[in-house]
Protein chains: 2
Amino acid sequence: MGFRALADPTRRNILYMLAKDEMTIAEVADNFQMTRAAVKKHLAILHDGDLITVRTSGRTRVNALNPDGLRRVVDWFSYFDAFWDDHLSALKSEIEKDIQ
Amino acid sequence: MGFRALADPTRRNILYMLAKDEMTIAEVADNFQMTRAAVKKHLAILHDGDLITVRTSGRTRVNALNPDGLRRVVDWFSYFDAFWDDHLSALKSEIEKDIQ
DNA sequence: CTTTCGTGATACCTTTTGGTATTATTTTAA
DNA sequence: TTAAAATAATACCAAAAGGTATCACGAAAG
């Protein structure tokens, strides 16, 4: 799953940046103090986690957000939907009890 | 953020288990082959990430899911809502272009 | 009170992670 | 065709992660 890729704040920032616009490695690296090699590693992990796509354009590589991969991560949380509903209805019952 | 806590599959499994019912450390550990000490470490990380709550009951410690912490993680993804919408509407435009 | 059961806390080990530095490789521009 | 720019690849290092083993502690059952 892509959760491992999301564990690092640098990678989460990269995703937020790519949500604005796709970027080359150099462009991403300009926004951080670390070396390009380090940024490239982060991008590789994001790619492994299927959270970004990479396409070659001449001598540059353009990184873009992969909505499908992100959606898969978000979907993992749907398991808790019932849990939230339960707790919400429990809260609702408490409130209704208070009112009466 | 709780993302670091979600990076490990064992911890994600624990959360799924706690969604069914709250459990003591021993009960959680019974579902894994690792030692209780290892499970306790995972629970500590989940607690640090604010994804579970822990309450003492006699000589046992009961771990329960923390919906607020989970919700905070899910909310992180709302940043991409516009992104998804954009791509969906782009797709919609493509389809409409095809139809006409 | 003593024993026992569930945890807490350390110490330690191995693997992974996040980073740098350095050296190719490849594409474009002069 | 040579030089420069963007990236790839590799080796290396320190710190963190994930695990075990061990011992200490507190509640509860006899």
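In what follows, every chain begins at residue 1, and chains take the letters A, B, ... in the order their sequences are listed. Just so it is clear, the values below take in all heavy atoms, side chains as well, and ignore hydrogens, waters and symmetry mates.
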Specify the angle, to 10°, made by the local axes at the two ends of the helix from C:dC1-D:dG30 to C:dA30-D:dT1 when five pairs are taken at each end.
20°
Provide, to the nearest angstrom, the distance between the CD1 atom belonging to B:I25 and the C1' atom belonging to C:dG6.
8 Å
pair A:F32-A:M17: side-chain heavy atoms closer than 4.5 Å:
yes
When rounded to whole Å, the CD1 to P distance for the pair B:I14 and D:dG19 reads 9 Å
Could you state the CG-C1' distance from A:N63 to D:dA8, rounded to the nearest angstrom?
13 Å
Gap between atoms CZ and P, on A:R59 and D:dA4 respectively (whole Å):
12 Å
May I have the step-by-step check of side chain to side chain contact (heavy atoms under 4.5 Å, CB included) for B:I52 and B:L15, ending in yes or no?
CA-CA 8 Å; B:I52 64 172; B:L15 289 179; 3.8 Å; yes
Take the protein atom CG of A:D30 and the nucleotide atom P of D:dA6, then report the distance between them rounded to whole Å.
10 Å
Protein-nucleotide distance (A:L43, atom CG; D:dA8, atom C1'), rounded to Å
13 Å
Less than 4.0 angstrom between a side-chain N/O of B:T35 and OP1 or OP2 of D:dT20, yes or no?
yes
B:L65 vs B:T53 side-chain heavy atoms within contact, under 4.5 Å
no
Taking C-beta and beyond as the side chain, do A:T10 and A:M34 meet within less than 4.5 Å on heavy atoms?
yes
Position toward the 5' end of DNA chain C (nearest nucleotide), A:A37 or B:A37:
B:A37
Taking it one step at a time, do B:M23 and B:L18 satisfy side chain to side chain contact (heavy atoms under 4.5 Å, CB included)?
CA-CA 7 Å; B:M23 304 170 82; B:L18 294 181; 3.9 Å; yes
A:Y16: what forms a ring pair (Phe, Tyr, Trp, His ring centres under 6.0 Å) with it, not counting sequence neighbours?
B:W76, B:Y79, B:F80
Quick one: does B:N66's side chain get under 4.5 Å of B:L51's, heavy atoms only?
no
Check the hydrophobic clustering (I, L, V, M, F, W, Y; side-chain heavy atoms under 4.5 Å; chains of links allowed) and say if B:V74 and A:F3 are grouped together.
yes
OP1, OP2 of C:dT7 versus side-chain N and O of B:T24: anything below 4.0 Å?
yes
Under 4.0 Å, heavy atoms only, any strand: does A:A38 hit a base, just the sugar-phosphate, or nothing?
base
In whole angstrom, give the distance that lies between atom CZ of A:F32 and atom C1' of C:dT20.
17 Å
Any protein N or O atoms within reach of nucleotides 12-17 of chain D? Criterion: under 3.5 Å, listing atom names and distances.
unit_1 : atom_1 : unit_2 : atom_2 : d
D:dA17 : OP1    : B:R4   : NE     : 2.9
D:dA17 : OP1    : B:R4   : NH2    : 3.4

Along DNA chain C (nearest heavy atom to each residue), the more 5'-positioned of B:R36 and A:A7:
B:R36
Would you confirm whether B:R12, through its side chain, and B:A7, through its main-chain N or O, come within 3.5 Å as a donor-acceptor pair?
yes
Rounded interatomic separation in angstrom, taking CZ from A:R61 and P from C:dT27
12 Å
